[in-house]
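As structure tokens, the structure follows; a few thoughts come after it.
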Amino acid sequence: MSPVIANYMEVRAAIDAAAREAHRDPAEIRLLAVSKTFPVEPIRELYDAGVRAFGESRVTELAEKAARLPEDIEWHFIGRLQSNKARKAVQLAKVIHSVDSAALLERLDRIAGEERKRPAVLLEVNVSGEASKAGVPVAELEPFARRAAACANLDFRGFMTMAPFDAEPVKIAAIFELLRLTRDELEAKLGRELPELSMGMSGDYEIAARHGSTIVRVGTLIFGTR
Ligand SMILES: *Cc1c(COP(=O)(O)O)cnc(C)c1O
């Protein structure tokens with residue numbers, strides 16, 4: 001078996017185990033294979049083994065890969081999205097995880113209408129408050145979520161966050177829990193379901209799986225170090 005497939009299966013098994021520990025249904029947690037910086041060959045190996053969801057963080061790279069790979073791949077855009085790349089992202093990505101400003105939100109809504117698409121979007125939240133992190137602070141999330149809910153051409157599905165890389169596991173767990181509770185409150189306030197929480201990377205996906213994540217974004221542990 002190719003190493004990437006073995007790696008993928010190992011991560012999947014660890015997600016399932018973490019979910020069960022937390023009395024969650026493992027089927028609630030999707031594994032997004034983050035293929036950024038890696039060539040198309042390992043993506044195709046995973047595709048041939050049945051994997052369909054891949055994450056990319058640069059639009060140009062996503063476009064190059066999408067042109068060379070099967071059309072039924074479900075591309076997730078997870079990186080910082082520059083406004084001049086928004087149209088390409090709407091054309092190619094089924095899910096955009098990294099919507100971090102009202103300006104970007106409104107641009108995506110307009111472009112999605114023009115392109116006759118309805119991408120799923122997640123709002124990126126800076127839960128930890130680190131200055132280096134993208135995303136909207138928790139305190140500013142409600143008006144942002146209301147704007148997202150009003151975008152007719154976007155399917156507003158929930159939230160994404162990145163935990164600090166070097167924090168203690170209990171601190172990381174607290175960050176994921178805070179986003180989950182904030183999501184629960186916003187569901188009640190907005191009167192709509194916001195089912196997706198994109199939380200967890202190679203270093204913390206098991207913590208995320210125990211604390212409410214529905215999409216873990218794993219690159220290094222599947223494809224290798226970048
Ligand atoms: C690169 C990246 C990942 C995957 O990171 P790994 O540590 O390699 O698993 C997840 N989320 C985002 C937003 C990324 O940019």
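When a ligand or atom number is given, it counts from 1 through the structure's own listing order.
Close contacts of ligand 1 with Val218, meaning ligand atoms under 4.0 Å from a residue heavy atom, involve 9 (O). Interface of Thr220 with ligand 1, defined as ligand atoms under 4.0 Å from a residue heavy atom, comprises 6 (P), 7 (O), 8 (O), 9 (O). The Arg226 neighbourhood of ligand 1 comprises atoms 1 (C), 5 (O), 6 (P), 8 (O), with distances under 4.0 Å to a heavy atom of that residue.
Residue contacts with ligand 1: His97 is excluded, as none of its non-hydrogen atoms falls under 4.0 Å.
Checked against a 3.5 angstrom limit, the closest N/O atoms of Ser57 and ligand 1 fall outside it. Residue Gly219 places at least one N or O, backbone or side chain, under 3.5 Å from an N or O of ligand 1.
Panel note: side chain Asn126, backbone Lys133; a donor-acceptor pair is recorded below 3.5 Å. Counting only distance, with no hydrogens or angles, the side chain of Asp48 and the backbone of Glu45 share no donor-acceptor pair below 3.5 Å. Between the side chain of Arg183 and the backbone N or O of Leu194 there is at least one donor-acceptor pair closer than 3.5 Å. Formation of a donor-acceptor pair under 3.5 Å by the Ser98 side chain with backbone atoms of Gly79 is found in this model.
Nearest non-hydrogen protein atom to atom 11 (N) of ligand 1 is Arg217 NE, 2.8 Å. Ranking the protein heavy atoms by distance from atom 1 (C) of ligand 1 puts Lys36 NZ, 1.4 Å first. Atom 12 (C) of ligand 1 has Ile78 CD1, 3.5 Å as its closest protein atom, hydrogens excluded (heavy atom only). For atom 5 (O) of ligand 1, the nearest protein heavy atom (residue, atom name, distance) is Met201 CE, 3.3 Å. Atom 9 (O) of ligand 1 has its closest protein heavy atom at Ser202 OG, 2.5 Å.
A cation-pi geometry, defined here as NZ or CZ lying under 6.0 Å from the six-membered ring centre and within 45° of its normal, does not hold between Arg226 and Phe38. Taking the ring axis of Phe54 as reference, the NZ or CZ atom of Lys94 does not stay both within 45° of it and closer than 6.0 Å to the ring centre.
Looking at Glu196 and Arg30, no side-chain N of the basic residue comes within less than 4.0 Å of a carboxylate O on the acidic one, giving no salt bridge.
Here the closest heavy-atom approach between residue Ala145 and residue Leu190 is recorded as O-CD2, 3.7 Å.
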